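A quick write-up on the structure given underneath.
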Amino acid sequence: MFMMVLMEEQRSIEEGLLELSNQSDASDCRITSCVILSTFFAVCGSFSFGVAIGYTSGAEIGIMKDMGLSIAEFSAFASFSTLGATFGALFSGKMAIVLGRRGTMWVSDIFCVIGWLCIAFAKNVLWLNFGRISSGIGIGLISYVVPVYIAEITPKQIRGTFTFLNQLLQNSGLAMVFFFGNFISWRKMALLGALPCVIQGIGLFFVPESPRWLAKVGADEELENSLLRLRGKDADISREASEIQDMNKMLERDSKSSFSDLFQRKYRHTLVVGVGLMLIQQFSGSTAVISYASTILRKAGFSVAIGSTLLGIFMVPKAMIGLILVDKWGRRPLLLTSACGMSITCMFIGFAFTLQKMQLLPKLTPVLTFICVTLYIASYAVGVGALPWIIMSEIFPMNIKVTAGTLVTLASWSSSSIVTYFFNFLFEWSTQGTFYIFGAIGGAALIFIWLLVSETKGLSLEEIQLSLTRSREPDERNHT
């Protein structure tokens, strides 16, 4: 009887949420200066994230020469960032709940600034590696909290576009490394990597906390104040506030956040999608191609200086394509297009190195490799680079967001660490085979996305989470 009363009450809340969602009007998509400013300060950390990812490509020759590093030592230095990020990912979800979204970003800024300064002023390998691990912990926190914060403060009609700014600023950081890596020292690049974190740390004092986190901790008055700042002082925020509070009450009644909750039948699909997309993102070769772009171009016989400069110039415009299309095409079509492009370009890079090994058409390999690396990064930037993080921030309800977000972020960075460390050894084993493997994984990604990833465009976070859990409740009831 008690369970029937709870289920009836939960159904009434769900019906109320759907009714509130159906009553949304044009004012819901209003873009205020506060939303723009909050998003800008949040994605400053993403710029540092991009610098960290591409840093090894732009700084490889300088660091190895100045510090006398071997290939194995440099590979370890490169992978320490993802190792640190894996450690940061372990605590990202819990920290975002305990300290809030802004508090977590402040902590990430501290780790990043300390890390970049240690690299910039390093006198030996120990300080280099310590700095790389420290900045890695920071970007591990950033990778989770930034897309979550942006998704929770923006109106549903523009949520994808604004969350995609995370990827755009990552690409801007990459562009800086690729372009200026030919002109400035690796120490100055490290200082440039720290600057956005300083800007973010100061800017966060002037932006509101996530209203959904405030609802989670029971701060109803602060929730309304946050929504008024985000939507405008004259906006009617009662409907959105009620929707957030009702969804939070339903989820709190449903269960508390624990690791075992992730494996409830109604959450299994979202967990598989979240983790699966992160594994696809990394094992399709993205981190390896971006981190070792100069190594790949050098092996193909293409000028590293010219190639890096051109990649830097095209990096931001390529990301703009995804920014424009994410709320027009939707997540699913962009993911399919992106995975297809990555798979095809990897196969062509493998083909180019096959020609090189067979000593056929020697002038074709450098040009074909550069074109395909550029198209690969463009394909990655359009979808697979940003959308797994956007979808992760959308599909997990508040009651499991801590554990699910932590697990998904951990899956991303642990797999990235593996790929980053072993790429050089795999590349020496077989240049063409390495990219054939990446291409095959990209092909498998198409099947995964086609079968399992649903569209979330134009839906509120509460609508997305409600639809994903409700569709699996009948099965769960049949088993109880």
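Please read these numbers as outputs of a predicted model, since none were measured by experiment. Reckoned from all heavy atoms, side chains included, excluding hydrogens, waters and symmetry mates.
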For Phe427, does the CZ atom sit with more than 12 other heavy atoms under 6.0 Å from it, leaving out its own atoms?
yes
If you take all heavy atoms of Ile296 and Ala288, which pair is closest and at what distance?
CD1-O, 4.5 Å
Any donor-acceptor pair under 3.5 Å linking the side chain of Thr434 with the backbone of Leu426?
yes
CA sep, side-chain torsions, deciding dist, call: Thr374, Ile371, side-chain contact (heavy atoms from CB on, under 4.5 Å):
CA-CA 5 Å; Thr374 304; Ile371 291 172; 5.8 Å; no
Can you check whether Leu277 reaches Leu387 side chain to side chain, under 4.5 Å on heavy atoms?
no
Under 3.5 Å: donor-acceptor pair, side chain of Thr365, backbone of Pro362
no
Expected output: side-chain Thr409 to main-chain Ala89 donor-acceptor under 3.5 Å
no
If you count every heavy atom of other residues, nucleotides or ligands that lies below 6.0 Å from Phe348 atom CZ, does the total exceed 12?
no
Ignoring hydrogens and angles, tell me if any N or O in the side chain of Glu209 forms a donor-acceptor pair with the backbone of Arg102 under 3.5 Å.
yes
Within 6.0 Å of CZ in Phe351, more than 12 heavy atoms from elsewhere:
no
Exercise: do Thr287 and Gln282 side chains pair donor with acceptor under 3.5 Å:
yes
For the CG atom of Asn166 and the OH atom of Tyr149, what is their distance to the nearest 0.5 Å?
13.5 Å
Can you name the closest pair of heavy atoms from Ile139 and Phe49 and give their distance?
CG2-CA, 3.9 Å
Would a distance-only check, ignoring hydrogens and angles, find a side-chain to backbone donor-acceptor pair under 3.5 Å from Ser417 to Ser414?
no
Nearest heavy-atom neighbours spanning Leu141 and Ser108:
CB-CB, 3.8 Å
Out of curiosity, Thr337 OG1 to Trp329 CH2, how far, rounded to the nearest 0.5 Å?
5.0 Å
With rounding to the nearest 0.5 Å, note down the distance linking OG in Ser286 to CE in Met342.
5.5 Å
Should Tyr55 and Phe77 be marked as a side-chain contact (heavy atoms from CB on, under 4.5 Å) after you check the CA-CA gap, both sets of side-chain angles, and the distance that decides it?
CA-CA 11 Å; Tyr55 186 74; Phe77 168 75; 4.1 Å; yes
Heavy-atom donor-acceptor pair, Ser284 side chain to Ile280 backbone, under 3.5 Å:
yes
Is it true that a side-chain atom of Thr309 and a backbone atom of Phe179 form a donor plus acceptor pair closer than 3.5 Å?
no
In this structure, SG of Cys112 is separated from CG of Leu195 (nearest 0.5 Å) by 12.5 Å
Under 4.5 Å between any side-chain heavy atoms of Phe162 and Ile31, yes or no?
yes
Which label fits Tyr376 and Tyr380: parallel for a plane angle under 30°, tilted from 30 to 60°, or perpendicular past 60°?
parallel
Does any part of the side chain of Ile114, heavy atoms only, come nearer than 4.5 Å to the side chain of Cys118, both counted from C-beta?
yes
Enumerate donor-acceptor pairs with a distance under 3.5 Å from any side-chain N or O in residues 352-359 to protein atoms, sequence neighbours excluded.
| from | atom 1 | to | atom 2 | distance (Å) |
| --- | --- | --- | --- | --- |
| Thr354 | OG1 | Gly350 | O | 2.8 |
| Thr354 | OG1 | Tyr436 | OH | 2.9 |
| Gln356 | NE2 | Lys299 | O | 2.9 |

Heavy-atom side-chain contact between Ser338 and Leu335 under 4.5 Å
no
Heavy-atom check, side chain of Ile110 versus side chain of Trp106, under 4.5 Å
no
Any side-chain heavy-atom pair from Thr420 and Tyr292 closer than 4.5 angstrom?
yes
For Phe111, is there any backbone N or O sitting under 3.5 Å from a side-chain donor or acceptor partner on Ser134?
yes
Test side-chain contact (heavy atoms from CB on, under 4.5 Å) applied to Leu204 and Asp109, step by step
CA-CA 11 Å; Leu204 288 173; Asp109 291 334; 4.2 Å; yes
If you compare all heavy atoms of Phe41 against all heavy atoms of Val207, which two are closest, and at what distance to 0.1 Å?
CD1-CG1, 3.8 Å
If you define the side chain from C-beta out and look only at heavy atoms, does anything of Arg132 sit under 4.5 Å from Thr56?
yes
Report, as yes or no, whether the 6.0 Å neighbourhood of atom CZ on Phe40 holds more than 12 heavy atoms from other residues, nucleotides or ligands.
no
With distance as the sole test, does Gln200 use its side chain to make a donor-acceptor pair with the main-chain N or O of Ala42 at under 3.5 Å?
yes
Can a donor-acceptor pair be found between the side chains of Trp116 and Ser48 at a distance below 3.5 Å?
yes
Look at the rings of Phe438 and Phe423 and say which category their plane angle falls in: under 30° parallel, 30 to 60° tilted, over 60° perpendicular.
parallel
Can you name the one residue among Val43, Val145, Leu165 that meets side chain to side chain contact (heavy atoms under 4.5 Å, CB included) with Ile150?
Val43
Between atom CG of Leu191 and atom CG of Leu117, what is the distance when rounded to the nearest 0.5 Å?
6.5 Å
If you compare all heavy atoms of Thr431 against all heavy atoms of Phe435, which two are closest, and at what distance to 0.1 Å?
O-CD1, 3.4 Å
Check: Leu230 and Pro208 side chains under 4.5 Å, non-hydrogen atoms
yes
Do the side chain of Ser415 and the main chain of Ser412 share a donor and acceptor less than 3.5 angstrom apart?
yes
Straight-line distance of Thr295 OG1 to Glu428 CD, nearest 0.5 Å:
10.0 Å
Which pair of non-hydrogen atoms, one from Val453 and one from Arg332, has the smallest distance, and what is that distance?
O-NH1, 2.8 Å
Check the pair Leu310 / Phe370 against side-chain contact (heavy atoms from CB on, under 4.5 Å), numbers first and verdict last.
CA-CA 10 Å; Leu310 291 176; Phe370 172 73; 3.6 Å; yes
